[in-house]
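Just so it is clear: chains get the letters A, B, ... in the order the sequence lines come, proteins before strands, and each one is counted from 1.
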2 protein chains.
Amino acid sequence: MTQQLDSFFGALADPTRRAVIERLASGPATVTELHAPHAMALPTFMRHLGVLEKTGLVRSIKKGRVRTCHIEAAPLIAAQGWLAWQRHLWETRLDQLDQLARHLDESTPQ
Amino acid sequence: MTQQLDSFFGALADPTRRAVIERLASGPATVTELHAPHAMALPTFMRHLGVLEKTGLVRSIKKGRVRTCHIEAAPLIAAQGWLAWQRHLWETRLDQLDQLARHLDESTPQ
């Protein structure tokens, strides 16, 4: 899992690759459609797509001459789950500090 | 924001740096405490800490000879927010497909 998180977060550390994920979150798309908004050569774009496929964030199917890509939910959920857990720990600690502060406040003689 | 997401996700694409975040999510810690569980030279560890500080995920304060680190919530929340949004889009689309399938099912003559 830790190696997977390395590659998931690494894959997301690039604006082109995040744009592909943003597009695919709304539904499958062909490589041509995915490439269209990006001002870069197709081979460069394909390398980004390759990174996403290698990490398992994106899968593709070729039918005739058209390759269609779709998102894979599991890695996205895993990466978000890790971040959500850290946030939960951190917020729980803030709550505890808050309660402690209130408790000290109440027990201080006026 | 997009450059910040690049650096947040890039910083999280490493097990040592994620371990530091996991530790700090439960409360502040000194550099010595953070370094202790990691079998690596202090200068190497300090480079990882430097990456986390540069992206704003971690802040540190030096008091005398002791440097204490704490987590910064905003980048964690931003990174998690981006992932949560993609997941939301993707799940909304699945729900819509599900409704469409049910609708087609109901309107098909038996």
Side-chain angles (χ1 to χ4, degrees), chain A residues 1-29 37-38 48 51-52 54-55 57-59 69-98 100, chain B residues 1-29 37-38 48 51-52 54-55 57-59 69-98 100:
Chain A
M1 191 61 214
T2 182
Q3 280 188 339
Q4 282 179 299
L5 282 177
D6 285 7
S7 65
F8 299 160
F9 285 128
L12 296 176
D14 177 274
T16 304
R17 296 196 292 263
R18 282 200 307 280
V20 170
I21 295 292
E22 284 171 0
R23 170 61 191 79
L24 292 178
S26 310
H38 299 282
H48 284 301
V51 171
L52 289 169
K54 206 175 160 196
T55 63
L57 279 158
V58 166
R59 299 263 177 236
C69 302
H70 64 270
I71 214 166
E72 274 291 321
L76 265 189
I77 292 173
Q80 198 221 332
W82 185 86
L83 281 167
W85 178 241
Q86 306 319 312
R87 187 174 168 178
H88 168 77
L89 288 178
W90 170 79
E91 286 175 344
T92 304
R93 189 180 149 268
L94 284 197
D95 281 349
Q96 285 166 344
L97 286 180
D98 203 39
L100 181 67
Chain B
M1 191 62 213
T2 182
Q3 280 188 336
Q4 281 179 299
L5 282 177
D6 285 6
S7 66
F8 299 160
F9 285 127
L12 296 175
D14 177 275
T16 304
R17 296 197 291 263
R18 283 200 307 279
V20 169
I21 295 292
E22 284 170 0
R23 170 61 191 80
L24 292 178
S26 309
H38 299 282
H48 284 300
V51 172
L52 289 170
K54 205 175 161 195
T55 63
L57 279 157
V58 166
R59 299 263 176 236
C69 301
H70 65 270
I71 214 167
E72 274 290 323
L76 266 190
I77 292 173
Q80 198 220 333
W82 186 86
L83 281 166
W85 179 240
Q86 306 319 312
R87 188 174 168 177
H88 167 76
L89 288 178
W90 171 79
E91 285 175 345
T92 303
R93 191 182 148 267
L94 283 197
D95 281 350
Q96 285 167 344
L97 285 180
D98 204 39
L100 181 67

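- With respect to chain B, the highest number of heavy-atom pairs below 4.5 Å among A:P15, A:A11, A:G81, A:G10 belongs to A:P15.
- Ranked by heavy-atom pairs shorter than 4.5 Å toward chain A, the options B:L83, B:L97, B:D6 are led by B:D6.
- You'll find the side chain of B:L89 stays beyond 4.5 Å of the side chain of A:E22, heavy atoms only.
- When heavy atoms are compared at a cutoff of 4.5 Å, B:W82 approaches chain A solely by way of its side chain, counted from C-beta outward.
- Ranked by heavy-atom pairs under 4.5 Å with chain B, the list A:F9, A:F8, A:W85 is led by A:F9.
- For the set B:D14, B:I77, B:L76, B:I21, the count of heavy-atom pairs under 4.5 angstrom toward chain A peaks at B:I77.
- Counting heavy atoms from C-beta on, the side chains of A:H48 and A:L52 never come closer than 4.5 Å.
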Tell me, with the steps shown, if A:Q86 and B:L24 meet side-chain contact (heavy atoms from CB on, under 4.5 Å). CA-CA 9 Å; A:Q86 306 319 312; B:L24 292 178; over 6 Å; no
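- Using a distance-only test at 3.5 Å, with no hydrogens or angles considered, no donor-acceptor pair links the side chain of B:R17 to the main chain of B:L12.
- Here the side chains of A:R59 and A:P28 are not in contact, with every heavy-atom distance at 4.5 Å or above.
- By number of non-hydrogen pairs under 4.5 angstrom with chain B, the leading residue of A:Q80, A:R18, A:Q3 is A:R18.
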